Amino acid sequence: MTKILIVEDDRELQEGLVFALEGEGYSTRAVSGKEEAVRAAALDNYSLMILDCNLPDGTGYEVCREVRKFSGMSILMLTARDTELDEVKALQMGADDYMSKPFSLAVLKARMGNLLRRGKVQDILCSNGITLDRVSCRAYRQDKEIPCSSVEFRLLQYFMENRGQVLSKEQILERLWDNQGKFVDDNTVSVNIRRLRMKIEENPSSPRLIRTVHGLGYIWRED
């Protein structure tokens, strides 16, 4: 059964969404705040999150950023304001789609359907002979599993999701360690990339997949 996480502090809307979606055969869990949302997302495997932008203890943008560190689930952001700036910010934080309130339940279900169909494909990432399963959090090369730590897996996922783009050490720190990044030695990124190269490169001393762009950062080779 497809699991949906609803993050909405408006009790009436929350209960309405639960009733409507469970009537469509979805399994739902509803929470009301930022901390509760991140904790719930980490403890179970949801296919989609319906996320309100304004929460009592934070924002949907913050939830998005936190959840994207460990989950590739689809995220549909809800907001009371219909502005281009809000939409751009939501997408930059990792949301897959955006709707303003009030909204039609029929349109919500249609957009959910699109995201869930797309998500089934995106659960698996393939690039340069490496296959990454975002559901089981495992990586493979030619059907042989690559033993990865949690940090190494998230690092590999970040590179594969952004192949062909130069990622600076600052971007990697913010994505993988977020607020704690400023307390992590800058060498931490280099150390973890070196460890990852030892596991995925045919010749780690002359890396082909994760290349260093001197003065800028690192880039994952495009297929």
Side-chain angles (χ1 to χ4, degrees), residues 3-18 21 28-103 108 111-112 115-116 118-119 122-123 134-135 137 150-151 153-162 165 167-184 186 188-189 192:
K3 295 182 179 180
I4 309 294
L5 179 59
I6 300 169
V7 186
E8 172 61 65
D9 65 324
D10 182 323
R11 185 65 61 181
E12 185 176 348
L13 177 56
Q14 183 190 100
E15 292 176 354
L17 288 172
V18 169
L21 297 182
T28 68
R29 178 177 176 183
V31 298
S32 303
K34 170 192 167 184
E35 297 300 327
E36 196 179 5
V38 175
R39 189 162 53 248
L43 291 175
D44 207 341
N45 184 30
Y46 295 94
S47 298
L48 183 142
M49 176 190 291
I50 299 174
L51 176 61
D52 188 20
C53 183
N54 298 307
L55 300 169
D57 58 345
T59 69
Y61 305 123
E62 293 169 329
V63 173
C64 234
R65 186 177 59 193
E66 291 291 324
V67 169
R68 277 292 172 254
K69 294 178 190 177
F70 57 82
S71 174
M73 81 168 86
S74 298
I75 298 177
L76 174 58
M77 184 85 81
L78 304 178
T79 180
R81 298 192 304 173
D82 184 14
T83 69
E84 184 177 281
L85 183 60
D86 287 332
E87 182 174 3
V88 169
K89 186 174 181 180
L91 297 175
Q92 287 177 334
M93 289 296 104
D96 298 284
D97 202 355
Y98 174 99
M99 289 183 68
S100 58
K101 299 176 181 178
F103 53 84
L108 175 69
R111 293 199 179 188
M112 285 176 55
L115 291 176
L116 290 169
R118 192 188 312 167
Q122 293 180 337
D123 282 344
R134 289 193 279 200
V135 175
C137 294
S150 174
V151 170
F153 180 86
R154 287 186 283 133
L155 183 60
L156 178 58
Q157 176 176 319
Y158 190 36
F159 274 120
M160 292 178 68
E161 288 175 340
N162 295 275
Q165 299 180 41
L167 302 175
S168 68
K169 284 188 176 181
E170 291 74 19
Q171 286 176 300
I172 296 171
L173 279 171
E174 182 178 355
R175 173 63 182 265
L176 269 64
W177 287 277
D178 190 44
N179 295 333
Q180 298 176 15
K182 61 185 178 182
F183 304 114
V184 176
D186 189 54
T188 300
V189 173
N192 279 281

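Model, not experiment: these values are computed from the prediction. For the numbers below, each heavy atom of this structure counts, side chains included, while hydrogens, waters and symmetry mates do not. Numbers here simply count residues along the sequence, with the first being 1.
The NZ atom of Lys101 sits 3.5 Å away from atom CD of Glu8, with the distance rounded to the nearest 0.5 Å. For the atom pair Leu156 CG and Glu161 CD, the distance stands at 9.5 Å (nearest 0.5 Å). Atom CG in Leu5 sits 6.0 Å away from atom CE in Met73 (nearest 0.5 Å). The line from CD1 of Ile50 to CG of Asp97 is 11.0 Å long, rounded to the nearest 0.5 Å. To the nearest 0.5 Å, the span separating NZ on Lys89 from OG1 on Thr79 amounts to 10.5 Å. Atom-to-atom distance recorded for Asn54:CG and Leu78:CG is 10.5 Å, nearest 0.5 angstrom.
Minimum interatomic distance between Gly94 and Cys64 (heavy atoms only, all atoms of both residues): C-SG, 3.9 Å. Considering every non-hydrogen atom in both Arg111 and Tyr98, the closest pair reads NH1-O, 2.7 Å. Taking both residues in full, the closest heavy atoms of Cys53 and Met77 are given as CA-SD, 4.1 Å, listed atom of the first, atom of the second, then distance.
A distance-only check finds a donor-acceptor pair linking the side chain of Asp10 to the backbone of Leu13 [under 3.5 Å]. When atom types are taken as modelled, the side chain of Asp96 and the backbone of Ile75 share a donor-acceptor pair closer than 3.5 angstrom.
Between Leu21 and Ile6 the shortest side-chain heavy-atom distance falls below 4.5 Å. With contacts defined as side-chain heavy-atom distances shorter than 4.5 Å, the pair Ile4/Leu48 qualifies. Leu76 is listed as a side-chain neighbour of Met99, based on a closest heavy-atom distance under 4.5 Å.
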Under 3.5 Å donor-acceptor pairs involving side-chain atoms of residues 28-43, not counting sequence neighbours:
residue, atom, partner, partner atom, Å
Thr28, OG1, Glu22, OE2, 2.8
Ser32, OG, Gln14, NE2, 3.3
Glu36, OE1, Ser32, N, 3.4

Side chain to side chain contact (heavy atoms under 4.5 Å, CB included) between Val151 and Arg154: does it pass, once the steps are laid out?
CA-CA 5 Å; Val151 170; Arg154 287 186 283 133; 3.6 Å; yes

